[in-house]
Amino acid sequence: MTTANTDPVTIALPKGRLLEGSIALCAKIGLSHPELTPATRQLSFQVAGHATQLVIVRDADVPTYVEYGTADIGIVGKDRLLEQRPAVYEPLDLGFGLCRIVLAEPGVSRAQPARPARPTRWTTRRVATKYPNITERYFLRKGLPVEIIKLSGTIELAPLVGLADQIVDIVDTGATLRAHQLVEVEELARSTARVIVNRASMKTKHHRVRQIIQQLAGLQPAGSVGG
Ligand code: PRP
């Protein structure tokens with residue numbers, strides 16, 4: 001089977017928490033491969049019958065692949081877009097992968113009333129995060145001094161070992177915060193999986209790119225196609 005339009009497109013899928021949902025959505029619009037599973041070690045897949053390649057990259061790298069046109073389309077968390085602000089189109093909220101970006105700090109035990117410190121009480125605090133830009137903007141808005149410690153993962157460990165006073169990280173179930181006796185101070189943003197598109201590809205491969213966006217939007221109860 002061939003598509004109405006044979007523009008070859010490459011779609012970047014994110015490793016990690018959004019991969020399973022991304023693979024499932026692609027499969028629903030006919031973009032699948034027998035070897036493409038969340039556990040795969042293979043990183044590139046040619047979809048039979050479509051001029052479409054699927055590549056799996058680190059979630060933080062999806063915006064870069066799409067901005068530079070190595071991938072025409074990407075699926076990535078809004079958290080990464082807020083952090084990196086890539087020059088790409090973001091036409092569709094896929095709705096899955098909901099999580100929150102929060103400021104958190106060591107808290108009291110659950111037996112005691114939770115009474116986290118308010119930001120206005122602080123002097124300069126060290127904040128560990130993999131979202132330095134989001135964190136910097138937050139503290140700038142608050143007018144509070146901050147020293148940001150950039151980490152790549154296991155952020156929740158930082159206050160326990162004395163590397164930071166607070167963290168900015170994503171929270172899904174809240175289990176990781178609780179496991180490290182951390183309490184939420186404030187929610188900075190919410191994140192879901194988004195479709196992003198390379199700006200040039202939106203024009204040069206318009207038909208095929210819009211077709212994929214509309215097929216994905218058609219799967220969403222509240223999906224909306226924008227510019
Ligand atoms: C995220 C985040 C927390 C955890 C939160 O890490 O950094 O560690 O998930 O989830 P929870 O609220 O359900 O406990 P992730 O698993 O994405 O891995 P990473 O630290 O490598 O980014």
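Heavy-atom basis, side chains included; hydrogens, waters and symmetry copies ignored. Note that ligands are numbered from 1 as they come in the structure, with each ligand's atoms numbered from 1 the same way.
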Go through the steps to decide whether Thr192 and Arg194 satisfy the test side chain to side chain donor-acceptor pair (under 3.5 Å), and finish with yes or no. CA-CA 6 Å; Thr192 49; Arg194 308 296 167 103; 3.0 Å; yes
Look at the side chain of Thr40 and the backbone N and O of Leu36, then say whether any donor-acceptor pair between them is shorter than 3.5 Å. no
Between Gln42 and Ile56, what is the shortest heavy-atom contact and its length? O-CD1, 3.9 Å
Is there a donor-acceptor pair closer than 3.5 Å between any side-chain N or O of His180 and the backbone N or O of Leu182? no
Compute whether any side-chain donor of one residue and acceptor of the other, for Ser201 and Arg199, lie under 3.5 angstrom apart. no
Pairing of Glu90 and Lys78 as salt bridge, 4.0 angstrom limit: yes
Enumerate the pairs of nitrogen or oxygen atoms, one from ligand 1 and one from the protein, separated by less than 3.5 angstrom; state names and distance to 0.1 Å.
residue: ligand 1; atom: 7 (O); partner: Lys130; partner atom: NZ; Å: 3.4
residue: ligand 1; atom: 7 (O); partner: Asp169; partner atom: OD1; Å: 3.1
residue: ligand 1; atom: 7 (O); partner: Asp169; partner atom: OD2; Å: 2.7
residue: ligand 1; atom: 8 (O); partner: Glu156; partner atom: OE1; Å: 3.4
residue: ligand 1; atom: 8 (O); partner: Glu156; partner atom: OE2; Å: 2.8
residue: ligand 1; atom: 9 (O); partner: Arg17; partner atom: NH2; Å: 2.5
residue: ligand 1; atom: 12 (O); partner: Asp172; partner atom: N; Å: 2.8
residue: ligand 1; atom: 12 (O); partner: Thr173; partner atom: N; Å: 3.1
residue: ligand 1; atom: 12 (O); partner: Gly174; partner atom: N; Å: 2.7
residue: ligand 1; atom: 13 (O); partner: Thr173; partner atom: N; Å: 2.8
residue: ligand 1; atom: 13 (O); partner: Thr173; partner atom: OG1; Å: 2.6
residue: ligand 1; atom: 14 (O); partner: Thr176; partner atom: N; Å: 2.9
residue: ligand 1; atom: 14 (O); partner: Thr176; partner atom: OG1; Å: 2.4
residue: ligand 1; atom: 17 (O); partner: Arg17; partner atom: NE; Å: 3.3
residue: ligand 1; atom: 17 (O); partner: Arg17; partner atom: NH2; Å: 3.4
residue: ligand 1; atom: 20 (O); partner: Lys130; partner atom: NZ; Å: 3.3
residue: ligand 1; atom: 22 (O); partner: Lys130; partner atom: NZ; Å: 2.1

